[in-house]
Amino acid sequence: MKQIRHGIIGLGNIAQEHIGGIAQLEGMRVAALCTRNAETLARVGEELGVPERLRFSDYRELLASGEVDSVSICTPNVQHYEMVRAAIEAGVPFAVEKPLCLTMEQALDLKERMGERPIPHMICFSYRFMDAARYARHLVTSGALGQLRHVFGRYDQGWGNDESRPLTWRFRKELAGYGALGDLGSHLIDLVRFTAGEIEAVTADMGVLMPKRILPEGGEGEVTVDDYAMFLAKLRGGVSAMLETTRFAYGHRNLQQLAIYGSKGGLLYRQDLIGGKLCSSLEGCLTEEDFRANRYVPLAIPEEFHCTQMEAFERLLRGDHSGLAASLDDGIAVQRVMDTVARSAETGRWERIGG
């Protein structure tokens, strides 16, 4: 089996997740790196044994080098569009961090370009690769819950409460697109789509809780994205949902919860950082005995539902779509929901997705 030569564009915190995932695979290796930070480039290059000639400060040079078979795009949101476009034009398969773009116009442009030059790709909605989420999807699609009735979901972090947190790109609309909605809500929206079905309409509330933050160079600047987003939703088939995401959930580092209730059963999914490691669990009320006893019991998750994000990407590069990686179409679908949530928060009305 030929080993896949992979390039990493952007060497911030999220890049370490990609690098760590690749290290677990026999069929891939990190072959090239790109960042404009010379010190970081040298340090990570030495750590990974990447030769100097394959350490780039310009992502276009990496894509044109002929030295990589695929790339990860691990940069701030504002750079996703131009880098994905360049990867498509160069014919280099890519995994790009979420959200796909800042605007629907950009996302649709990428879809059009991809139609002309289709290549393997993945949008990094990472929580598709939690074993518990994959098993929950299986139970729902297999009919174990019967007719779905309700979905309740949350994705909460608490770091927004830190008043010393400076006004970085995540707080600026022109660089991030959305705040909590794009950073956390995009994951939650994809998780709901992945496990329970398409969102068709929403009514929402969004807001800013800390309107000013300190600037790295001194003084204060204005926060121009949302600190929280909460919305009611209607899913396909008339399923009623209530979803929330915030950066101001005091005491939580990375809490996700999903409750899915049907006519014949229910599931409770939970994921959180425990001891610095992401852990997920799934409980179910799936039998008549459990229903009569009003109890949810831990579910053992079969090994077949284990698949890491980079493992799914490797499978994809080899022509195997069984990893259920998110596609450009999934990225566009999430963008539509986010845009509709924002529109509903402005109008105060129910809004149909894409309407």
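- If you chain together hydrophobic residues whose side chains sit under 4.5 Å apart, M230 and L232 never meet in one group.
- For the pair V334/F125, a side-chain contact is recorded, criterion being any heavy-atom separation below 4.5 Å from C-beta on.
- Using a 4.5 Å cut-off on side-chain heavy atoms (C-beta onward), L267 and V140 make contact.
- At distances below 3.5 Å, at least one donor-acceptor pair connects side-chain atoms of N161 with backbone N or O atoms of G158.
- Annotation: side chain of S65 is in contact with side chain of F56 (closest heavy-atom distance under 4.5 Å).
- No more than 12 heavy atoms of other residues, nucleotides or ligands shown are found within 6.0 angstrom of CZ on R253.
- Here the closest non-hydrogen pair linking V151 and A196 is CG2-CB, 3.8 Å.
- The local environment of CD in E304 is crowded, with over 12 non-hydrogen atoms from other residues, nucleotides or ligands closer than 6.0 Å.
- Nearest heavy-atom pair, R134 versus S322, reported as atom, atom and distance to 0.1 Å: NH2-O, 4.0 Å.
- In the displayed structure, E217 atom CD is contacted under 6.0 Å by more than 12 heavy atoms of other residues, nucleotides or ligands.
- To the nearest 0.5 Å, the span separating CZ on F129 from SG on C124 amounts to 8.0 Å.
- Both I353 and M338 are members of a single hydrophobic cluster when ILVMFWY side chains are connected at heavy-atom separations under 4.5 Å.
- V78 places none of its side-chain heavy atoms less than 4.5 Å from the side chain of E174.
- Between the side chain of D226 and the main chain of A229, no donor-acceptor pair closer than 3.5 Å is present.
- When atom types are taken as modelled, the side chain of D69 and the backbone of R5 share a donor-acceptor pair closer than 3.5 angstrom.
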*asked:* Would H6 and E314 count as a side-chain hydrogen bond (donor to acceptor under 3.5 Å, both in side chains) here? Give the steps.
replied: CA-CA 10 Å; H6 193 69; E314 182 192 354; over 6 Å; no

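- Linking Ile, Leu, Val, Met, Phe, Trp and Tyr whenever their side-chain heavy atoms come within less than 4.5 Å leaves Y228 and L181 in two separate clusters.
- For the pair E220 and K212, the salt-bridge criterion is not met [side-chain N within less than 4.0 Å of a carboxylate O].
- Neither side chain, T340 nor E351, offers a donor N or O lying under 3.5 Å from an acceptor on the other.
- In this structure, V223 and P211 have side chains that are not in contact, with every pair of non-hydrogen atoms separated by 4.5 Å or more.
- In this structure, the separation between CZ on R270 and SG on C279 is 11.0 Å, given to the nearest 0.5 Å.
- Here D190 does not pair with K98 in a salt bridge; the nearest charged N to carboxylate O distance is not below 4.0 Å.
- Checked for salt-bridge contact, K234 and E200 miss the test: no charged N lies under 4.0 Å from a carboxylate O.
- Closest approach of A15 to L11, counting heavy atoms only: CB-CA, 3.8 Å.
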*Run the numbers on H187 and L184 for side-chain contact (heavy atoms from CB on, under 4.5 Å), then give the verdict.*
CA-CA 5 Å; H187 278 306; L184 310 180; 5.7 Å; no

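- There is a path of hydrophobic side-chain contacts, each under 4.5 Å, that joins L54 to I4.
- A donor-acceptor contact shorter than 3.5 Å links the side chain of N77 to the backbone of A176.
- Between Q157 and the options T246, N254, D183, a side chain to side chain donor-acceptor pair (under 3.5 Å) holds for only N254.
- No side-chain donor-acceptor contact under 3.5 Å links S344 to the backbone of V341.
- Under the 4.5 Å side-chain criterion, counting only non-hydrogen atoms from C-beta, Q256 is not in contact with L188.
- Annotation for V92 and S70: closest pair CG1-CA, 3.8 Å, computed over non-hydrogen atoms.
- Distance alone, capped at 3.5 Å, is enough to place a donor-acceptor pair between the R117 side chain and the E89 backbone.
- Put simply, the side chain of D156 never gets that close to the backbone of A249: no donor and acceptor are under 3.5 Å apart.
- The two atoms that bring P76 and H80 nearest to each other are O-CD2, 3.4 Å, heavy atoms only.
- Atom CG of D320 sits in a crowded spot, with more than 12 heavy atoms from other residues, nucleotides or ligands closer than 6.0 Å.
- Considering CZ of R315 and NE2 of H321, their distance stands at 12.0 Å, rounded to 0.5 Å.
- For the side-chain contact (heavy atoms from CB on, under 4.5 Å) criterion with I189, the lone passing option out of I199, T245, D330 is I199.
- Annotation: Y127 is in aromatic contact with Y155 [ring centroid separation under 6.0 Å].
- Both tests do not hold together for R165 against F171: distance to the six-membered ring centre under 6.0 Å, angle to the ring axis within 45°.
- Once rounded to the nearest 0.5 Å, the distance linking CE of M83 with CD of E97 reads 13.0 Å.
- For the pair R113 and D109, the salt-bridge criterion is met [side-chain N within less than 4.0 Å of a carboxylate O].
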*Let me see the working for H121 and V84 under side-chain contact (heavy atoms from CB on, under 4.5 Å), right down to the final yes or no.*
CA-CA 10 Å; H121 64 280; V84 170; over 6 Å; no

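- Taking NE2 of H252 as the start and CG of D272 as the end, the distance is 7.0 Å to the nearest 0.5 Å.
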*Yes or no on side-chain contact (heavy atoms from CB on, under 4.5 Å) for S126 and E17, after CA distance, side-chain angles and deciding distance?*
CA-CA 10 Å; S126 310; E17 299 297 324; over 6 Å; no

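- Atom CG of L328 sits about 10.0 Å away from atom CD1 of I119, to the nearest 0.5 Å.
- Ring geometry, F305 versus Y135: the interplanar angle falls from 30° to 60°, so the pair is classed tilted.
- V202 is connected to I332 through a chain of hydrophobic side-chain contacts under 4.5 Å among Ile, Leu, Val, Met, Phe, Trp and Tyr, so both are in one cluster.
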*Can L286 and L299 be said to form a side-chain contact (heavy atoms from CB on, under 4.5 Å), step by step?*
CA-CA 10 Å; L286 300 172; L299 300 179; 4.1 Å; yes

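- Residues forming a salt bridge (charged side-chain N to carboxylate O under 4.0 Å, His left out) with E46 (at least two apart in sequence, or on another chain): R55.
- Within 6.0 Å of the CD atom in E39, the count of heavy atoms belonging to other residues, nucleotides or ligands does not exceed 12.
- For R36, the side-chain contact (heavy atoms from CB on, under 4.5 Å) test picks out Q79, with sequence neighbours left out.
- Within the 4.5 Å cutoff, side-chain heavy atoms of V71 are placed close to those of F94.
- Shown here for D131 and C307, the closest heavy-atom pair between the two residues is OD1-N, 4.2 Å.
- Looking at E198 and R193, a side-chain N of the basic residue comes within less than 4.0 Å of a carboxylate O on the acidic one, giving a salt bridge.
- Under the 3.5 Å distance criterion, with hydrogens and angles disregarded, no donor-acceptor pair is assigned to the side chains of E311 and H306.
- Under the 4.5 Å side-chain criterion, counting only non-hydrogen atoms from C-beta, Y269 is not in contact with I260.
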